[in-house]
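Here's the structure, in structure tokens; my notes come after.
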Amino acid sequence: MSENVVHLYKTTDPEPEPAGDFVAGEGSTLALVTDPPAEPAAPVLPLWVRSGRAIKAFVTHETTRTTARAVARHTLYVAGGARIAARRTWDGRTAARYERMLRAAEAAGNHEAAAEWEERGQRYREARHRRRMDLLHSPLDAAKGAAVSAGMGVGGLVLLGIVMAIATKDATEVVTPLMAVIKFINLMITIVRVVWGPAITLGPLLALLALWSVGAHQQAAPQWALPANVRNGEGEPITPSIVVKALRDLGVPALRKAITEMGDAGASMLGPITIAGCGVEVDVTLPSGVSTNEVQQRRRKLAENLSRHEHEVFINIPQAARTVRLWVADSGALDEPIGPSPLVTDATMTANYKTGKAPWGVDLRGDAAELSVYQRHLLVTGRSNQGKTASLRALALWLALDRSVLFWVGDLKGIGDWAMFDGIADVLIQGPTDEHVIEVTEMVEAAVDEMNRRMEARRTDPEVVFPPLIVLVDEAQVAFMCPAVDEDRRPYGGAKATSRYFMAVRKIHNQGRAVDVLMWQGTQDPTDQNLPKLVREGAHTRASLVLGTETQSRMALGDKAVDDGAAPHLLRQGLDKGTLVVASDGIEMPKGQSSITVRTHFIDDEPAAEVADRAKALRSGVITLHAVERDDEERDPLADIASVLGDADRVLTRDILKRLDVLNHDAYGDWTFNDLKRVLEAAGVEAYKSHGLMNVRRDDVLRALAERDDEGSASAAG
């Protein structure tokens, strides 16, 4: 008969539901079970599998790996130290050092240095030969000397004993000095016997400690065994050996072979490593058979060999043949801010167009980077939102502090970046539409007419001086890409001879600097479509922020600068904002370089407006035109004169002519002082002379205009 078993399970529920009564059948057995039945047991793995997993976990654990690296590192320090000590000993006892230096000089093509090292090696060998010959006679000479010294020593001791015996009248004192020496020798022998045992034990340990110290100081262990901070190389100082190793591992077979033949003397390729700003600079003279572009093309690998990021190593080509100049930044130094612009911190600063230099930023050496804009056309390019407008505006704000400089500004972005020039610029056009491009084109064409007028005046009077005129177009690619055409079907944009904007810029580039009419342009990623070749090559100062490709860098800066190491395409998008690579003779740079990297000061909108207010205070009521008016209807000369006078009490007649020309070149471009005088006299306004210059009073013009309007109203009423 089968048994019925009732299982009573133990529960952890604080309020279990009542189970109710139950009755076990006859012959049933009641079993109390305190734990519920276990889940089906997992299969038991073999012992060798479990042991293998445990061993793998132990071996791969980070603590185990760190411990293993530490043991290997300190063991290899001893081996590396022994190798270094052995090499130093070998160098000290042989002519190996001179041989290495000789091979290094030969590999570098320096035959004069090679001859000098050969002569030094020969002198060393002759001196060593003399020392070895002296060793042949030294045992006999040493024996004779020892015998003489011993005899004299014993005789002296006996003589001293006799003197002591006479003095003390004791014959035994004769041997006292001799016995004292014998006892001293016995004491020394006893001391040596006591110390010898520990010395034999500790000597090897001290020797190993010395070798370990040498190896640890030189980091004589593989990279995988070194501590993490050493392997990463963050902040590792640049030393000659590090530079030589970086060049050796660059992947240039001829360079590696030459350095290997030089041995440790590969440092002979290096000039002095000097501190240069937030990094160091060193000139490297390459061995024969290695070209400079082979090093330039491996900038990233060289940087990584130096434990730096690519953007922290710059390679330039100085004047010296077969030489590259390396500038290596301190780790992370280029990510630190450079401080505010002197334009913001110095409220007394002024500018001088001819002799002054704009405080643009600092170079990589930490020196102030100042740019002369005197008679130089300017081009600033780079990707969007990298600081192009800010760097261009910083120059314009500085130059605005020279009250003699005139500005015609076209901002084809139109979001207010140049709004603070309202009251400084004679013309300020802001907006991205085709209509704005048309207005900017007409502004540049008006500048061409002004240039031609000045050229004509210069032919009449070679001594005449004109105020500088800066024609500034930001986002110039919008103008080049504009599809609009005029009534004669001539396009405003484009890069052909029919393009109005293109041809106007070319004319200013060709002759403008002679009469101080200068073209400044800012544009995004340069291509042949949005920045034609003839336009970009017409700029005397070319600067570039971050670009995408080397081809664009060549378009922005020219082949010469890129071939010599300029690389705006290697700057970091978003991280190197405001960092410019500049090719210009208007900025001081190391001799032999054709470009320089500048970290520009950033002037935000608020401080820029403050600088602009200081510039406005230096100027007398500039009336800013927001469009170049077209001659679509008959002009009212007296009303136009009143409009260009602005709020000033009086204005020079020559300034009135310039403003009228800007207002409408077709109507007033050919006006002379006689034309202005004729209109004013007809209205009853007389110009007067003050300090030798002719002026017109604003009140006189407004009164004449009001009287004319009143007369016109009375006539109409009659």
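- Remark: Asp461 engages Glu463, Val464 in a side-chain contact (heavy atoms from CB on, under 4.5 Å) (not counting sequence neighbours).
- Take Glu588 and apply the salt bridge (charged side-chain N to carboxylate O under 4.0 Å, His left out) test, not counting sequence neighbours, and it matches no residue.
- Side chain to side chain, Arg506 and Asn510 meet the donor-acceptor criterion of an N or O pair below 3.5 Å.
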May I have the list of side-chain donor-acceptor pairs in residues 468-484 shorter than 3.5 Å, sequence neighbours left out?
| unit_1 | atom_1 | unit_2 | atom_2 | d |
| --- | --- | --- | --- | --- |
| Asp474 | OD2 | Thr389 | OG1 | 2.8 |
| Asp474 | OD2 | Trp418 | NE1 | 3.0 |
| Glu475 | OE1 | Gln477 | NE2 | 2.6 |
| Glu475 | OE1 | Gln524 | NE2 | 3.3 |
| Glu475 | OE2 | Lys388 | NZ | 3.4 |
| Gln477 | OE1 | Thr523 | OG1 | 3.1 |
| Gln477 | OE1 | Gln524 | N | 3.1 |

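- A salt bridge does not link Arg453 to Glu456: none of the charged side-chain nitrogens sits closer than 4.0 Å to a carboxylate oxygen.
- Evaluation of the side chain to side chain donor-acceptor pair (under 3.5 Å) rule for Arg697 yields no partner, not counting sequence neighbours.
- Pairs of residues two or more places apart, or lying in two chains, that qualify as side-chain hydrogen bond (donor to acceptor under 3.5 Å, both in side chains) and include a residue from residues 562-571 are Ser553-His569, Arg554-Asp563, Lys560-Asp564, Asp564-Ser594.
- Shown here are the ring-ring contact (aromatic ring centres under 6.0 Å, His included) partners of Tyr353, two or more places apart in sequence or in another chain: Tyr374.
- Partners of Asp367 by salt bridge (charged side-chain N to carboxylate O under 4.0 Å, His left out), not counting sequence neighbours: none found.
- The ring pair (Phe, Tyr, Trp, His ring centres under 6.0 Å) pairs that include a residue from residues 391-411 are Phe407-Phe421, where partners are two or more places apart or lie in different chains.
- For residues 526-555, the set of pairs meeting the ring pair (Phe, Tyr, Trp, His ring centres under 6.0 Å) definition, not counting sequence neighbours, comprises His377-His540.
- With sequence neighbours excluded, the residues satisfying side chain to side chain donor-acceptor pair (under 3.5 Å) with Lys533 are Glu537.
- The salt bridge (charged side-chain N to carboxylate O under 4.0 Å, His left out) search around Glu681 returns Lys677, not counting sequence neighbours.
- Asp699 pairs by the salt bridge (charged side-chain N to carboxylate O under 4.0 Å, His left out) definition with nothing, not counting sequence neighbours.
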